[in-house]
2 protein chains.
Amino acid sequence: MFSKACVYGLRAALYVATLDKQAFVPIKTISDHLDISFHFLTKILQTLTQHHIMLSYRGPNGGIALARPAEQINAIQIVEAIDGTRLFSDCILDLPGCGTQRPCPMHEQWSRIRSEMKHLLETTTLAGLSERISQFDLRITADEGGLNSPGG
Amino acid sequence: MFSKACVYGLRAALYVATLDKQAFVPIKTISDHLDISFHFLTKILQTLTQHHIMLSYRGPNGGIALARPAEQINAIQIVEAIDGTRLFSDCILDLPGCGTQRPCPMHEQWSRIRSEMKHLLETTTLAGLSERISQFDLRITADEGGLNSPGG
DNA sequence: CCATTTAAAGACTAAATACTCTTAAATCTT
DNA sequence: AAGATTTAAGAGTATTTAGTCTTTAAATGG
């Protein structure tokens with residue numbers, strides 16, 4: 001579905017959102033918590049800062065932070081920054097120029113699914129996800145329990 | 001979304017369905033029409049014959065054919081044969097064991113989309129697609145017009 | 001100014017995907 | 001039996017994605 005980089009980007013951004021601090025969070029802290037390769041995550045977050053979704057700051061007390069309130073960052077911004085927009089535009093049979101003018105036989109049906117997928121990602125904000133996490137003790141790590149569990 | 005192999009497999013199976021013949025169609029014919037690498041397509045169709053979705057026959061007048069009526073082959077059978085079932089089971093945040101028991105914060109919403117996607121592929125038969133193609137002169141090739149256009 | 005902490009940048013390696021090529025095996029025609 | 005046609009099988013190559021490692025640059029604190 002999404003690339004690994006995209007999934008890691010989503011998880012990392014969401015993790016920062018759950019901390020709900022003004023301070024910069026070191027990437028090492030995030031990579032440790034989410035069990036993602038530090039160097040790989042650094043690259044992914046570089047992309048997000050280049051797309052003005054996150055801010056970075058070097059040196060002691062540096063790290064990364066959300067570029068704006070979590071209410072104003074939605075999943076699709078992250079997905080499109082990392083994986084591009086092709087997922088939401090390409091024909092499922094990969095035919096160039098497929099559209100209402102010259103549709104493939106699955107165009108109509110697939111467009112519907114794609115729109116719903118896009119709509120979901122557009123209406124899913126980091127704030128919403130973060131709230132859901134704290135409310136139901138959901139998890140964004142690969143470990144056993146929720147964020148508030150021992151070890152989490 | 002789907003791998004190239006999967007997309008080619010779908011296109012090839014659909015192409016065979018549109019021919020609506022009992023005869024075996026040489027893979028070369030299909031690869032020429034759909035502009036897919038012959039050797040690559042051969043491998044993909046091998047997978048489909050191994051999954052009993054298509055039949056193959058060697059030698060002159062040989063080729064491949066649908067293993068059963070086009071009404072009984074749906075898109076999901078082809079997708080799962082080539083790309084596996086992970087697309088319809090994996091967590092969107094790639095968390096192991098994500099499910100109703102230990103959901104990730106997107107689990108509920110994503111499951112809905114995934115179900116719709118799966119349902120669409122389950123109810124999309126080669127017969128249905130084939131009918132749509134002939135009815136509206138839709139295309140499964142990368143060329144300009146529909147199947148009945150000059151050159152098609 | 002120097003050591004330390006942090007991200008940025010870029011080269012490098014590994015694995016997965018997307019092909020290509022060669023040989024073998026089955027089948028048909030003559 | 002010989003030769004042509006076709007898929008099967010498997011090795012080989014290319015490209016993309018994933019991940020590692022090293023060096024550089026920015027910022028802080030002493």
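In the text below, chain A, chain B and the rest are named by the order of the sequence lines, each starting its count at 1. Side chains are part of it too, since the values below use all heavy atoms of this structure and drop only hydrogens, waters and symmetry mates. Just so you know, these numbers come straight off a predicted model, no measurement behind them.
We find the CG-NE2 distance between A/L19 and A/H33 to be 8.0 Å, quoted to the nearest 0.5 Å.
Listed for the B/T124 side chain is a donor-acceptor partner under 3.5 Å among the backbone atoms of B/L120. Under the 3.5 Å distance criterion, the side-chain polar atoms of A/H119 are left unmatched by any main-chain donor or acceptor of A/S115. A/N74 places a side-chain N or O within 3.5 Å of a backbone atom of A/E122 that can act as its donor or acceptor partner.
One can place CZ of A/F40 at 18 Å from P of C/dG10, the figure rounded to the nearest angstrom. Following rounding to the nearest Å, A/I44 (CD1) and C/dA9 (P) show an atom-to-atom distance of 15 Å. Spacing between atom CD1 of B/I64 and atom P of D/dT6 amounts to 14 Å, rounded to whole angstrom units. Separating the NE2 atom of B/H39 from the C1' atom of D/dT13 is a distance of 14 Å, rounded to the nearest angstrom. What separates NZ of B/K28 from P of C/dC21 is a distance of 13 Å, to the nearest Å. Computed from coordinates, the B/L48 CG to D/dA8 P distance equals 11 Å when rounded to whole Å. Distance CD1 (A/I27) to C1' (C/dT5): 13 Å, rounded to an integer number of Å. Spacing between atom CZ of B/R11 and atom P of C/dA18 amounts to 13 Å, rounded to whole angstrom units.
Ranking C/dA7, C/dC19, D/dG19 by closeness to the A/F38 side chain, first place goes to C/dA7. Of the listed nucleotides (C/dT27, C/dA18, C/dT5), C/dT5 has the atom at the smallest distance from the side chain of A/P60. Side-chain proximity of A/S56 to C/dA7, C/dC21, C/dA18: nearest is C/dA7. If you check C/dT29, C/dT20, C/dA7 against the side chain of B/N61, the one that comes closest is C/dT29. Here the side chain of B/T42 is nearest to one of D/dA8, D/dA18, D/dC21, namely D/dA8.
If you find the closest nucleotide of DNA chain C to A/Y57 and to A/K43, the one lying nearer the 5' end belongs to A/Y57. Both A/C6 and A/G59 sit near DNA chain D, but only A/C6 has its closest nucleotide nearer the 5' end.
More than 12 non-hydrogen atoms from other residues, nucleotides or ligands lie less than 6.0 angstrom from CD of B/E80.
Considering only side-chain N and O atoms, A/T49 lies nowhere under 4.0 angstrom from the phosphate OP1 or OP2 of C/dA7. Using a 4.0 Å cut-off, no side-chain N or O of A/Q46 falls inside it from OP1 or OP2 of C/dT6. Between A/S3 and D/dT17 there is no side-chain polar atom (N or O) within less than 4.0 angstrom of OP1 or OP2. Neither OP1 nor OP2 of C/dA18 sits under 4.0 Å from any side-chain N or O of B/Y8.
Looking at heavy-atom distances under 4.0 Å, A/L45 makes no contact with the nucleic acid at all.
A salt bridge between A/R112 and A/E108 is absent, with no side-chain N of the basic residue lying under 4.0 Å from a carboxylate O of the acidic one.
Residue-to-nucleotide contacts include a donor-acceptor pair under 3.5 Å from the side chain of B/R58 to the base of D/dT7.
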